[in-house]
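Taking it in order: structure first as structure tokens, then the write-up.
The residues of the chain are indexed from 1 along the displayed sequence. As the structure is a prediction and not an experimental result, all values here were calculated from the model.
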Amino acid sequence: TVEPVTVSEAVAELVQRLPGEGRASFRHLTAGCTTRMQVIVRFLALLELCKQGRVTLDQGHTFGDLQVTWVAGTRVPASVAAADAVEEYEG
């Protein structure tokens, strides 16, 4: 079955959540995920945020927990906000 979850939705959720938390483990950020696909989409969303320079990712040792840190002062790029608005409109 196809999961009704998108990377852009996960990015939007993380953008709302991470600034307040500052730093969180990947395990913590995926605690509410009930399927493997949801975990994968959350990971892809974190990679996108890392690419945009909005989070840093750190893994202390091999197979250790992935630590996600929000980069203070970062804002949502207009292109991301616009893409989210279009996706919501198209429904």
Using the side-chain contact (heavy atoms from CB on, under 4.5 Å) rule, pick out the option among V68, V71, V55, L57 that qualifies with L49.
V55
Minimal non-hydrogen separation, E21 against L29, with atom names
OE1-CD2, 4.3 Å
Please collect all ring-ring contact (aromatic ring centres under 6.0 Å, His included) contacts where either partner lies in residues 15-56, sequence neighbours excluded, each pair once.
F26-F43
Is E13 salt-bridged to R42, going by a charged N under 4.0 Å from an acidic O?
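Yes, E13 and R42 are salt-bridged.
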Can any side-chain N or O of E9 pair as donor or acceptor with the backbone N or O of V5 at less than 3.5 Å?
no
Rounded to the nearest 0.5 Å, how far apart are OG1 of T30 and CZ of R36?
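Atom-to-atom, T30:OG1 and R36:CZ are 13.0 Å apart.
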Rounded at 0.5 Å granularity, tell me how far CG in L46 sits from OG1 in T56.
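The CG atom of L46 sits 11.0 Å away from the OG1 atom of T56.
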Side chain to side chain contact (heavy atoms under 4.5 Å, CB included) between R23 and W70, worked out:
CA-CA 6 Å; R23 183 177 172 113; W70 182 258; over 6 Å; no
List, one per line, each side-chain donor-acceptor pair under 3.5 Å for residues 58-67, sequence neighbours excluded.
| residue | atom | partner | partner atom | Å |
| --- | --- | --- | --- | --- |
| Q59 | NE2 | G64 | O | 2.8 |
| D65 | OD1 | R27 | NE | 3.4 |
| D65 | OD1 | R27 | NH2 | 2.9 |

